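Beneath this line is the structure, given in C-alpha cells, with notes to follow.
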Protein chains: 2
Amino acid sequence: MTPIAPPDDEQGHPGQTAEQTAGQPLLPLAGQTPPIRADAARNRTRLLEAAARLVAERGPEQLTMEAVAAAASVGKGTVFRRFGDRGGLLMALLDHSERLYQESFLTGPPPLGPGAPPVRRLEEFGIATLRHLAAHRALLLAAEPEACRRFEPPPRRLALTHLTALLREAGTGGDAELLAHTLAGHLDVALLHHLTERRGMPLERLEAGWLDLVARITRT
Amino acid sequence: MTPIAPPDDEQGHPGQTAEQTAGQPLLPLAGQTPPIRADAARNRTRLLEAAARLVAERGPEQLTMEAVAAAASVGKGTVFRRFGDRGGLLMALLDHSERLYQESFLTGPPPLGPGAPPVRRLEEFGIATLRHLAAHRALLLAAEPEACRRFEPPPRRLALTHLTALLREAGTGGDAELLAHTLAGHLDVALLHHLTERRGMPLERLEAGWLDLVARITRT
DNA sequence: ACGCCAACCGGACCGTGGTCCATTTTCTTC
DNA sequence: GAAGAAAATGGACCACGGTCCGGTTGGCGT
C-alpha cells in the first residue's frame, strides 16, 4: 500500500476556508495564499496525521469524518472547515504524490516533460497517469465512492457489449473491449451534461465529435 | 421535460427483491421472473406514480425516498425492498423509454438495427444514444448524483488541458477538446479499477491499449 | 502591553439513504 | 375454507456527511 504522503505540512498552504474552493489546490497555483493561522495549521497537520493513520489501519473506504475528528481530538466542524468535504480530505492525503506527478509532466525531463514531440509525450503521459492511478487507486476511489457503480447498471453493460460486437464485426484491429470502453466514454450522461452546460457545447458538436471519433478508431 | 414513463405496470416484472440485483432489469431478459404478489404489484405502481408526480413537481434531484414513501402512503422499507436503492427507483421511472431505446438498436430497422454495415451502425448508435441521454438527462444524472463532480477536481482539469495542448501541438485535426476528453476517459481511476479488478485485465493491457488509442487518434 | 476583530473552534443538530425485524397479508395445498 | 409457509409490510433505528452558530483565540495595530 502507498505510504500515503508525509504530513509534510508545507507551511502556508491554501487556508481561507475549504481547501479546494475556487482556487486550485493541487495545481501549481502561484497565486498568493492568505496565510493560515497558527492554531489552524496545527490542527491541519493533526488531522492529516490522524487521517493517514486511520487509512493505514482500516482502509480509505472506512474513513469517516467523525472518526478523523475524534482521532485528532478536534471538532467535526474543523475537519469540514479545513478540507471542505470528504473528498477534499482524501485528496489532501495524496497532495504530495500528486504534486510530484504533476511536475513530472509539466516541467520534468522529456519524453514526459517538455521537449519531446507531442505524440511521444501523449504516450508517456498516459502510461505515467495509469501508473499513478494504480498506485493510489484505493484513495482515489474512496474520494468518489459511487464511481465503481458506474459500470454495473445493465444498460451500460448492454451498450458496452453492443459496441464491442460492432467493433469486432467491423474487423477493426486492436483491443475491441478496450476500444468499446473508449467509445462508451463518449456516450456518458455526466460528460454530456458537463460539456453542454458547463462548457456550452451544443449537442451537434458532440454528435460531430462522435462521428469523427468512430472514423478515427475504425480506420484500419 | 420528458413525460416520464407511463406507470405501465407491465404486470409480472422482476420482483424477487431489489429490482436490479443480479438479474438485468432493463435488458430483454427472457429469463423467468418469479411472479410478484398482488399487494406488492399494487404498491409498486403506487410508488411509481407518486415518484413520477414528485419528480414532475420538484425535479428529480429533490426526490427523497421518504417523500416517495409518504406520497404513496407506504412504508419506507417497501420502497427499498422494491427498488433496491435510490438509483433503482429513478431507473425504474424511465424503464419504458429505456426499452424503446434498446429495442431500436437491438432489433429495430437499419441503419440503427441489424442489417447495416457495422461502422454505419456505430455512427447511428452514438447519435441515438446521445439523444437518448439528452432527453433523460435530469433523471439519469439524479440517479448518480456525484457524477457531475467528476470533471471539477483541478487534477482532472489539468490533465484535460494538458491533453488538449498536446493534441493541438501534434497538429491532429478534429475537435481537440473533445478528443482530449476521450483520451482522458481512458485515464480514469474508476475505469482502471473496473477493468483490472472486475474484468481481470492486467495493467499492461491498459497501457498497450493507451498506446494503440493514441496512435489511432493522432493518425492523420 | 493591550485590546480589537476576524478567523477559528467544537459539537449539537439536521436530512437522507439504507437496514432490521416483529407483524400482517397473500398464495397454495389439502 | 382452513392452515401453514413464503413474501411483503412499515416505521423505528442507525450511520454518516454536512451545516450552524455561540463562544474562543491568535495576530496585528497602537
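Residue numbers start from 1 in every chain, and the chains themselves are labelled A, B, ... in the order their sequence lines are given, proteins ahead of strands. Since we're looking at a predicted model, the values are computed, not measured.
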Between [N] and [X], is there an OP1 or OP2 to side-chain N/O distance shorter than 4.0 Å?
X: B/N43; N: D/dT9; result: yes
X: B/R86; N: C/dG17; result: yes
X: A/R37; N: C/dC8; result: no

If you take any heavy atom closer than 4.0 Å to DNA chain D, which residues from residues 66-79 of chain B end up in contact?
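Nucleic-acid contacts, sorted: B/V74, B/G75, B/K76, B/G77, B/T78.
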Using whole Å, report how far [atom1] of [X] lies from [atom2] of [N].
X: B/L63; N: C/dG17; atom1: CG; atom2: C1'; value: 12 Å
X: B/F83; N: D/dG10; atom1: CZ; atom2: C1'; value: 16 Å
X: B/L54; N: C/dT16; atom1: CG; atom2: P; value: 12 Å
X: B/R82; N: D/dG10; atom1: CZ; atom2: C1'; value: 14 Å
X: A/R42; N: C/dC9; atom1: CZ; atom2: C1'; value: 10 Å
X: B/R149; N: D/dG18; atom1: CZ; atom2: C1'; value: 12 Å
X: A/I36; N: C/dC9; atom1: CD1; atom2: C1'; value: 13 Å
X: B/E146; N: C/dT16; atom1: CD; atom2: P; value: 16 Å

Under the 3.5 angstrom rule, does the side chain of [X] hit a backbone N or O of [Y] as a donor-acceptor pair?
X: A/R121; Y: A/L112; value: yes
X: A/R82; Y: A/R44; value: no
X: A/W210; Y: B/E123; value: yes

5′-ward residue of the pair A/D39/B/A38 relative to DNA chain C
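Checking each residue's closest nucleotide, the 5'-ward one belongs to A/D39.
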Taking only residues at least two apart or on different chains, which pairs with a member in residues 177-190 of chain A satisfy salt bridge (charged side-chain N to carboxylate O under 4.0 Å, His left out)?
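Passing the test, one end in residues 177-190 of chain A: A/R156-A/D188, A/E177-B/R199, A/E177-B/R205, A/D188-B/R150.
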Neighbour count >12 (heavy atoms, 6.0 Å) for atom CZ, A/R42
yes
What do you reckon, is CZ of B/R53 surrounded by more than 12 foreign heavy atoms closer than 6.0 Å?
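More than 12 within 6.0 Å, yes.
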Let me know which of B/L178, B/T182, B/V214, B/L183 forms a side-chain contact (heavy atoms from CB on, under 4.5 Å) with B/L167.
B/L183
